[in-house]
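Report on the following structure.
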Amino acid sequence: MSHIPLGVLDLVPVASGSTAAEALHRSIDLARAAERAGYARYWFAEHHLNPGVAGTSPAVVLALTASATSTIRLGSGAVLLGHRTALATVEEFGLLDALHPGRIDLGLGRSPGPPPASAGTAGRGSGHAAGQEPATAPRRDAAGGAGGAGGAEPVRVGRAARRTPDGLVLPPPSSFAHLLGSPRVALQQRLLRLPGARTQDYAEQVDDLLALLRGDYLSPEGVAAHPVPGTGADVQVWVLGSSGGVSAEVAGRNGLRFGANYHVAPAGVLEAADAYRAAFKPSADLDRPYLTVSADVVVAEDDTTARELAAGYGPWVRSIRTAEGAIPYPSPAEAAAYPWTAEDHALVADRLDTRFVGSPDRVAAGLALLQEATGADELLVTTITHDHTARVRSYELLAEAWRSV
């Protein structure tokens, strides 16, 4: 599997007892380590109003990280377009490309919460920016993930998990319905959007963005727009999605690269990949579908140590899925003291069942299974531990093991 590149998705987590500034410095240090270890790309997610996540602006963090690295590709996973304009996004990433040509990825996603008028389609195709051990030995003692601006991510509905013929776990589908009435989620959307602003249709917005990058944008009145920097920027555009909905269709129709979010919405990963491939049309940039699939991972020298390092994820995900907002990432001792209930477990079980946690060989085997089941051209790995040294070491161990799979 060494021919399948690995990338990093960083949520810039804030560990309990630390600060956002420390989290940012640690992410830059991790990017340097990922570059040394041979990872192909390093992406930052976008989150808002989460005390446990410092990655509020991918472009800003990218600028800082690009100056501290030299070869690794850097990008957003993803910029959430629901509260942005195509022009602002192109200009920001055009600036990055002007300073760091050929290294910038622009990952696009939809905000996880819909405008009030379209609440019935919440989360469909959202591009979020973060398992279990390999399916040969599934466990339920380490929980999974974070994703989506403000933490609006799905909870599972009551059906049993299934496995693909390869053995990949596909949990029951998830729903955003319980979060639609959350005052915190509503506040986040209100603060991110200008009063009275209309959210542009996502497919139309992506079309505008691509036209601005190419330099052939024309308004309905026939007026051209050429952002500088931005027009002609050597930016690699991706779309991230969690289902077979509009994000997969938009990526395929435009001949863009696509990221399927197994780490956020594992139930829909195959649907998303299939819908993207079915919609794909060759473009000037890409003559065939190109897919990355995200995975939630913790690696240590042995399984027991890895499970201990991963222990804080359950309480962290619970805080997101109850619309509390991501809490500072708990230490293993804090996680052990957490008053866990059956309801808490059910709330995060899909993430707990689809995380890859263990020794280097065990996790590499699990990722190989994920790649085979999805046909992914790349894998995008996200790892969170309370201890920064253990997090860096997790990525180093995985890179070493992946080269021998």
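Sequence positions, counted from 1, serve as the residue numbers for this chain.
- D97 contributes a side-chain N or O that, together with a main-chain N or O of D234, makes up a donor-acceptor pair within less than 3.5 Å.
- Between the side chain of E22 and the backbone N or O of T19, at least one donor-acceptor pair lies under 3.5 Å.
- Once rounded to the nearest 0.5 Å, the distance linking CD of Q236 with CG of L286 reads 8.5 Å.
- A donor-acceptor pair is defined here as one N or O able to donate and one able to accept, closer than 3.5 Å; such a pair exists between the side chain of S319 and the backbone of W316.
- In this structure, OG1 on T89 lies 4.0 Å from CZ on R84, to the nearest 0.5 angstrom.
- Taking the side chain as every heavy atom from C-beta outward, Q189 and H83 never approach each other to under 4.5 Å.
- The backbone N or O of L62 lies less than 3.5 Å from no partner atom in the side chain of Y42, so there is not a single donor-acceptor pair.
- Shortest non-hydrogen contact noted between H48 and R184 is O-NH2, 3.8 Å.
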Evaluation steps, salt bridge (Lys or Arg N to Asp or Glu O under 4.0 Å), between D29 and R391: CA-CA 11 Å; D29 180 66; R391 188 174 179 225; over 6 Å; no
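- Separating the NE2 atom in H386 from the CG atom in L309 is a distance of 11.5 Å, to the nearest 0.5 Å.
- Judged purely by atom type and a 3.5 angstrom limit, D201 uses its side chain to pair as donor or acceptor with the backbone of E204.
- For the 3.5 Å distance criterion, the side chains of R193 and T199 qualify, holding a donor opposite an acceptor.
- Nearest heavy-atom pair across R277 and A376 is NH2-N, 4.2 Å.
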Trace of the side chain to side chain contact (heavy atoms under 4.5 Å, CB included) decision for V206 with L81: CA-CA 9 Å; V206 173; L81 291 181; 4.2 Å; yes
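- Between the side chains of T69 and R103, at least one donor N or O sits under 3.5 Å from an acceptor N or O.
- Using a 4.0 Å cut-off between a side-chain N of Lys or Arg and a carboxylate O of Asp or Glu, D285 and R214 do not qualify as a salt bridge.
- The side-chain contact (heavy atoms from CB on, under 4.5 Å) with E35 is formed by just one residue from the set V8, T65, L30, T71; it is T71.
- L106 pairs in a side-chain contact (heavy atoms from CB on, under 4.5 Å) with only one of the listed residues (V79, L96, L256), which is V79.
- Considering all non-hydrogen atoms of both residues, P315 and P330 come closest at CB-CG, 4.2 Å.
- Inter-residue side-chain proximity for P360 and E400 is flagged as unmet; no heavy-atom pair is nearer than 4.5 Å.
- Within 6.0 Å of atom NE2 in H25, 12 or fewer heavy atoms from other residues, nucleotides or ligands are found, so the atom counts as exposed in its surroundings.
- Residues W43 and L240 meet the side-chain proximity criterion, which asks for heavy atoms closer than 4.5 Å.
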Derivation of the side chain to side chain contact (heavy atoms under 4.5 Å, CB included) call for V348 and W340: CA-CA 11 Å; V348 302; W340 204 247; 3.7 Å; yes
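- Side-chain contact check for D105 versus R41: some heavy-atom pair is nearer than 4.5 Å.
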Stepwise side chain to side chain contact (heavy atoms under 4.5 Å, CB included) check, T292 with W238: CA-CA 10 Å; T292 189; W238 293 69; 3.4 Å; yes
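- Within the model, atoms OG of S359 and CG of L398 stand 11.0 Å from one another, a figure rounded to the nearest 0.5 Å.
- In this structure, the side chain of S76 does not engage the main chain of F44 through any donor-acceptor pair within 3.5 Å.
- For the pair N254 and D207, the minimum side-chain heavy-atom distance is below 4.5 Å.
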Derivation of the side chain to side chain contact (heavy atoms under 4.5 Å, CB included) call for L108 and Y202: CA-CA 10 Å; L108 306 173; Y202 183 65; 3.8 Å; yes
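- The two residues G255 and S283 have their closest heavy-atom pair at O-OG, 2.9 Å.
- Side-chain N or O atoms of D302 include one that pairs as donor or acceptor with a backbone N or O of T304 at under 3.5 Å.
- The two residues P289 and D377 have their closest heavy-atom pair at O-OD2, 3.8 Å.
- Side-chain N or O atoms of D208 include none that pairs as donor or acceptor with a backbone N or O of Q205 at under 3.5 Å.
- In this structure, the side chain of R73 engages the main chain of G102 through a donor-acceptor pair within 3.5 Å.
- The side-chain heavy atoms of T374 and L270, taken from C-beta on, include a pair separated by under 4.5 Å.
- With hydrogens and angles disregarded, a donor-acceptor distance shorter than 3.5 Å links the side chain of E46 to the backbone of L80.
- Of the inter-residue distances, the one linking S18 atom OG with Y329 atom OH reads 12.5 Å to the nearest 0.5 angstrom.
- The shortest side-chain heavy-atom distance between L87 and P227 falls under the 4.5 Å cut-off.
- By the 4.5 Å heavy-atom criterion applied to side chains, L367 and V381 are counted as neighbours.
- Closest heavy-atom contact between A20 and V14: CA-CG2, 4.1 Å.
- Atom CG of L6 and atom OH of Y39 lie 5.5 Å apart (nearest 0.5 Å).
- Atom CD of E308 is surrounded by 12 or fewer heavy atoms from other residues, nucleotides or ligands within 6.0 Å.
- Salt bridge D387/R393: absent, no basic N to carboxylate O contact under 4.0 Å.
- E91 meets the salt bridge (Lys or Arg N to Asp or Glu O under 4.0 Å) test with no other residue; sequence neighbours excluded.
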